[in-house]
Amino acid sequence: MKCGDEHQNLKASCYIRVGIPVKPMLAKPTKGVNIVLERFDGIEFTCEYKYDGFRGQIHFDRSMESKGKDCHIYSRNLENMSVAYPDVLTIIREVSNEKENLNNFILDAELVAYDTEHNMILPFSMMTQRSRKHVTEKDLKTKICIMAFDILYLNDKSLLEETFAERRRHLHEYFGEIKGKFMFAVSTDTSSFEDLQKFLDE
């Protein structure tokens, strides 16, 4: 068997699918904006808010709804955290029910504590007060808002080989925001130092 054949066989048997967590892409720190701009000189790139929350990879499959296994949340360490966030599962079902063409997907998001009365994000410490086992929605005092920033899989199709810009286009096309529950991460696309500095100042 040739090396190319082995590669093709590996891709055929090892592929992204709903219900199996994917190792997340994590940020790498830099010493300053100038270093970023030197590496991406003249290229437009995306700058996003970094939220003080819990990284959640959200898997949804409408076909599993009757079995109660339609939605799962995985941590950055690939741990199934679904039992700790029943309210997030409810939000995802609400979001998906608003769109008939959403059959299955894998979202990358930050889960943040949220004050729905004042429409503001709360400190991460509010989330750490939650129990991680046997949680019911009526026990929860802290509301959660899903800040979605990427989509890895949509309607039986992997999006991993698409550009980040294309994946975000799918995200905004197929999902609608629900204030205080499901929102898109605040971001800007720029190649300008001035625009980037202004965004960072915000």
Side-chain angles (χ1 to χ4, degrees), residues 16 21-59 73-79 81 85 87-88 91-92 95 98-99 105-130 142-154 158-202:
I16 183 173
V22 181
K23 188 175 177 65
M25 181 182 291
L26 302 177
K28 293 183 179 180
T30 180
K31 294 181 180 179
V33 174
N34 288 334
I35 296 175
V36 175
L37 291 175
E38 286 172 9
R39 291 186 179 181
F40 297 95
D41 185 30
I43 299 173
E44 185 174 83
F45 57 94
T46 299
C47 185
E48 283 183 341
Y49 279 16
K50 171 66 180 79
Y51 293 97
D52 189 21
F54 165 77
R55 178 76 173 265
Q57 188 178 109
I58 302 170
H59 292 231
I73 305 164
Y74 297 95
S75 71
R76 67 175 63 211
N77 296 319
L78 312 185
E79 180 184 0
M81 300 294 293
Y85 294 94
D87 48 342
V88 173
I91 293 170
I92 288 297
V95 169
E98 289 192 358
K99 301 279 186 174
F105 55 80
I106 299 175
L107 287 178
D108 218 349
E110 195 79 9
L111 311 182
V112 297
Y114 199 86
D115 183 340
T116 54
E117 185 176 342
H118 299 96
N119 288 320
M120 60 184 290
I121 295 173
L122 299 172
F124 178 69
S125 58
M126 299 294 291
M127 295 185 70
T128 59
Q129 299 171 10
R130 285 182 166 221
T142 304
K143 302 290 185 182
I144 295 293
C145 182
I146 301 167
M147 307 300 293
F149 58 83
D150 200 357
I151 183 165
L152 312 180
Y153 187 89
L154 176 64
S158 170
L159 304 180
L160 293 182
E161 295 191 11
E162 295 192 15
T163 66
F164 179 53
E166 289 169 337
R167 296 199 307 272
R168 280 206 310 162
R169 181 176 57 79
H170 289 305
L171 178 64
H172 288 258
E173 178 184 346
Y174 278 82
F175 293 83
E177 289 190 308
I178 301 175
K179 185 72 173 178
K181 291 184 178 181
F182 184 95
M183 299 164 68
F184 300 125
V186 178
S187 66
T188 188
D189 299 319
T190 185
S191 58
S192 160
F193 175 82
E194 291 76 16
D195 290 345
L196 179 57
Q197 191 61 57
K198 181 180 178 181
F199 186 74
L200 290 174
D201 290 342
E202 289 176 8

- Nearest 0.5 Å please: distance from the CZ atom of Arg55 over to the CD1 atom of Ile73. 14.0 Å
- What's the shortest heavy-atom distance between Pro24 and Leu78, and which atoms? CD-CD2, 4.0 Å
- Could you tell me which non-hydrogen atom of Met127 sits nearest to which non-hydrogen atom of Ile144, and how far apart they are? CE-CD1, 3.5 Å
- Message: Quick one, Phe54 and Met81 - any side-chain contact, counting heavy atoms below 4.5 Å?
- Response: yes
- Message: With a sphere of 6.0 Å drawn around CD of Glu117, does it hold more than 12 non-hydrogen atoms of other residues, nucleotides or ligands?
- Response: no
- Residues forming a ring-ring contact (aromatic ring centres under 6.0 Å, His included) with Tyr174, sequence neighbours excluded: none
- Query: Shortest non-hydrogen contact from Pro123 to Ala113?
  - Reply: O-CB, 4.0 Å
- Item | For the student: nearest non-hydrogen atoms of Arg167 and Leu160, plus distance | NH1-O, 4.3 Å
- Task: Under the ring-ring contact (aromatic ring centres under 6.0 Å, His included) rule, what do Phe149 and Tyr51 come out as? Steps first, then yes or no, please.
- Result: CA-CA 11 Å; Phe149 58 83; Tyr51 293 97; 8.6 Å; no
- Query: By side-chain hydrogen bond (donor to acceptor under 3.5 Å, both in side chains), which residues pair with Glu166, not counting sequence neighbours?
  - Reply: Thr163
- Task: Hey, could you give me the CG/CZ distance between Leu171 and Phe164, rounded to the nearest 0.5 Å?
- Result: 8.5 Å
- Could you walk me through whether Phe175 and Phe105 pass the ring-ring contact (aromatic ring centres under 6.0 Å, His included) check? CA-CA 11 Å; Phe175 293 83; Phe105 55 80; 5.0 Å; yes
- Partners of Gln197 by side-chain hydrogen bond (donor to acceptor under 3.5 Å, both in side chains), sequence neighbours excluded? Asp201
Side chains of residues 181-190: which donor-acceptor partners sit under 3.5 Å, not counting sequence neighbours?
unit_1, atom_1, unit_2, atom_2, d
Lys181, NZ, Glu94, OE1, 3.2
Ser187, OG, Arg168, NH1, 2.8
Asp189, OD1, Thr46, OG1, 2.6
Asp189, OD1, Arg168, NH2, 2.8
Asp189, OD2, Arg168, NH2, 2.9
Thr190, OG1, Ser192, N, 2.9

- Taking the side chain as every heavy atom from C-beta outward, state whether Leu196 and Phe45 have any pair of such atoms under 4.5 Å apart. yes
- Message: Any non-hydrogen side-chain atom of Tyr74 less than 4.5 Å from a side-chain atom of Glu79?
- Response: no
- Item | Note, Leu152 side chain near Ile16 side chain (heavy atom, < 4.5 Å) | yes
- Item | Ile121 and Cys145, any side-chain heavy atoms less than 4.5 Å apart | no
- Query: Taking Gln57 for the side chain and Val22 for the main chain, is one N or O donor matched with an acceptor at less than 3.5 Å?
  - Reply: yes
- Item | Considering all heavy atoms, the nearest Val88-Ile146 contact | CG1-CD1, 3.6 Å
- Task: Show your reasoning for whether side chain to side chain contact (heavy atoms under 4.5 Å, CB included) applies to Asp87 and Lys143.
- Result: CA-CA 8 Å; Asp87 48 342; Lys143 302 290 185 182; 5.9 Å; no
- Message: Please verify the inter-ring angle class for Phe199 with Tyr49; under 30° counts as parallel, over 60° as perpendicular, anything in between as tilted.
- Response: tilted
- Listed by chain and number, what are the side-chain hydrogen bond (donor to acceptor under 3.5 Å, both in side chains) partners of Glu110, not counting sequence neighbours? none
- Message: Determine whether Leu159 and His170 satisfy the following criterion, side chain to side chain contact (heavy atoms under 4.5 Å, CB included), listing intermediate values before the conclusion.
- Response: CA-CA 9 Å; Leu159 304 180; His170 289 305; 4.0 Å; yes
- Residue pair Ile91, Ile178: steps toward the side chain to side chain contact (heavy atoms under 4.5 Å, CB included) verdict: CA-CA 9 Å; Ile91 293 170; Ile178 301 175; 5.5 Å; no
- Working to the nearest 0.5 Å, report the span between OG1 of Thr30 and CD1 of Ile35. 4.0 Å
- Note on the structure: Nearest heavy-atom contact between Thr116 and Gly180 is CG2-O, 4.4 Å
- With sequence neighbours excluded, residues passing side-chain hydrogen bond (donor to acceptor under 3.5 Å, both in side chains) with Arg169: none
- Walk me through it: do Leu200 and Cys47 pass the test side chain to side chain contact (heavy atoms under 4.5 Å, CB included)? CA-CA 9 Å; Leu200 290 174; Cys47 185; 4.1 Å; yes
